[in-house]
Every structure is written in structure tokens, then in C-alpha cells.
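Heads up: the structure comes next, in C-alpha cells.
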Amino acid sequence: MNTDVKAIMKEAINNFDSIRVSKKIIILGDMLELGKESYNEHIEIIRLLETVQCDNIILVGPEFNNVKTQIACLHFNNVDELKLWFNNEEFSDTFFLIKGSRKIGLEGLLL
């Protein structure tokens with residue numbers, strides 16, 4: 001198991017939480033490097049997200065699909081679905097945390 005992946009995700013979430021702005025959205029993609037501990041590690045991230053101040057949590061991928069009912073969030077199976085939703089929304093003065101495994105391809109949201 002690659003615990004560095006989870007540690008980096010947690011640090012990104014905690015740092016983002018410390019930013020004091022009027023509107024924040026967290027977009028997280030699956031941590032695909034976690035192997036057999038993936039479910040438990042994604043649950044741990046959900047528990048951290050429960051403590052964060054933000055306007056919306058968006059989860060992307062099949063691993064987060066397994067735990068999405070544990071928190072109020074939007075879930076998309078892949079970046080293409082997320083992009084359809086994202087492009088129909090209007091964001092003003094919004095700060096985003098976008099973080100996930102390279103294989104999820106969240107950078108496609110901005111292309």
C-alpha cells in the first residue's frame with residue numbers, strides 16, 4: 001500500500017481547509033494506488049472531509065463510488081461525467097481543490 005498517496009491527499013485537504021475564503025469546492029478523484037486497503041483508506045478520507053468547511057464535495061471514480069453514501073457529496077464515475085456537470089455550472093469567486101490519482105485524469109476537467 002502506498003500510504004504517501006493518502007498522506008498527500010490528507011495534507012492537501014487540511015491545507016485547503018485552512019484557507020479562509022467565501023466559497024470553496026473540493027474535487028477528489030480516487031486514490032488508485034492503495035490496493036486491497038483502498039476501501040478503508042477512502043473511508044478515512046471521507047471522515048476527514050466531514051470536518052472540512054466547504055460549499056461542496058465532489059468525488060470522482062469507482063473507489064469513491066463505494067463510499068459516497070457516507071457523506072453529502074456529488075459523485076461522478078469519471079472525468080467526462082464531471083466535466084458535463086462542471087461546464088453547466090457557474091462559478092464566481094470560488095476556490096477549488098482538485099486532487100486525485102494521475103490515472104483518474106482530473107486535469108481533463110480544465111481542458
Side-chain angles (χ1 to χ4, degrees):
M1 170 178 58
N2 187 341
T3 55
D4 289 341
V5 170
K6 182 182 70 175
I8 292 167
M9 178 80 79
K10 288 173 107 176
E11 190 64 27
I13 294 167
N14 286 326
N15 284 335
F16 191 69
D17 189 38
S18 71
I19 299 170
R20 298 294 166 227
V21 293
S22 60
K23 189 167 183 185
K24 297 192 290 186
I25 295 176
I26 296 175
I27 301 175
L28 299 181
D30 285 347
M31 300 175 290
L32 296 173
E33 303 85 355
L34 299 176
K36 66 181 181 177
E37 292 298 316
S38 184
Y39 180 83
N40 292 331
E41 301 297 340
H42 282 82
I43 285 288
E44 193 172 325
I45 294 299
I46 294 294
R47 297 294 166 248
L48 176 59
L49 289 171
E50 290 175 327
T51 69
V52 171
Q53 295 293 320
C54 69
D55 296 281
N56 208 343
I57 296 170
I58 300 167
L59 305 175
V60 181
E63 297 298 323
F64 274 125
N65 185 53
N66 294 329
V67 299
K68 69 183 179 191
T69 61
Q70 303 291 316
I71 193 168
C73 69
L74 293 175
H75 175 267
F76 298 94
N77 293 311
N78 55 54
V79 174
D80 292 334
E81 289 180 8
L82 170 60
K83 193 170 185 173
L84 287 172
W85 172 83
F86 190 87
N87 288 338
N88 288 312
E89 298 295 310
E90 292 193 28
F91 302 103
S92 177
D93 299 321
T94 304
F95 285 74
F96 291 89
L97 169 63
I98 301 174
K99 179 78 179 104
S101 290
R102 176 63 196 92
K103 290 180 183 179
I104 290 294
L106 288 178
E107 71 278 1
L109 178 61
L110 305 175
L111 298 177

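Along the sequence shown, residues carry numbers from 1.
Every pair tested for salt bridge (Lys or Arg N to Asp or Glu O under 4.0 Å) that includes a residue from residues 14-23 fails, sequence neighbours excluded, so the list is empty. For residues 11-39, no pair satisfies ring-ring contact (aromatic ring centres under 6.0 Å, His included), with sequence neighbours left out.
Taken to the nearest 0.5 Å, the CD atom of E41 stands 12.5 Å off from the CD1 atom of I46.
By the side-chain hydrogen bond (donor to acceptor under 3.5 Å, both in side chains) test, N78 pairs with no residue at all, sequence neighbours left out. E44 pairs by the side-chain hydrogen bond (donor to acceptor under 3.5 Å, both in side chains) definition with K6, K10, not counting sequence neighbours. Evaluation of the side-chain contact (heavy atoms from CB on, under 4.5 Å) rule for E11 yields N15 as partners, not counting sequence neighbours. Partners of S38 by side-chain hydrogen bond (donor to acceptor under 3.5 Å, both in side chains), not counting sequence neighbours, listed by chain and number: H42, E63. With sequence neighbours excluded, the residues forming a side-chain hydrogen bond (donor to acceptor under 3.5 Å, both in side chains) with R102 are E107, listed by chain and number.
Partner M31 forms a side-chain contact (heavy atoms from CB on, under 4.5 Å) with one of M9, K99, K103 and no other, that one being M9.
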Please table the atom pairs, donor to acceptor, closer than 3.5 Å between any side-chain atom in residues 89-96 and protein atoms at least two apart or in another chain.
{"from": "E89", "atom 1": "OE2", "to": "W85", "atom 2": "NE1", "distance (Å)": "3.3"}
{"from": "T94", "atom 1": "OG1", "to": "S92", "atom 2": "O", "distance (Å)": "3.1"}

Review item, side-chain donor-acceptor pairs of residues 51-58, under 3.5 Å, at least two apart:
{"from": "T51", "atom 1": "OG1", "to": "L48", "atom 2": "O", "distance (Å)": "2.6"}
{"from": "D55", "atom 1": "OD2", "to": "K24", "atom 2": "N", "distance (Å)": "2.7"}

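Under the 4.5 Å side-chain contact rule for hydrophobic residues, L109 and L74 share a cluster.
Nearest approach of G61 to H75, heavy atoms of both residues: O-NE2, 2.7 Å. Taking each heavy atom of S101 and L32 in turn, the nearest pair found is OG-N, 2.8 Å. I27 and L82 get closest at one heavy-atom pair: CG2-CD2, 3.8 Å. Heavy atoms only, all atoms of each residue included: L49 and I71 are closest at CB-CD1, 3.6 Å.
For the pair F76/L84, no side-chain contact is recorded, criterion being any heavy-atom separation below 4.5 Å from C-beta on.
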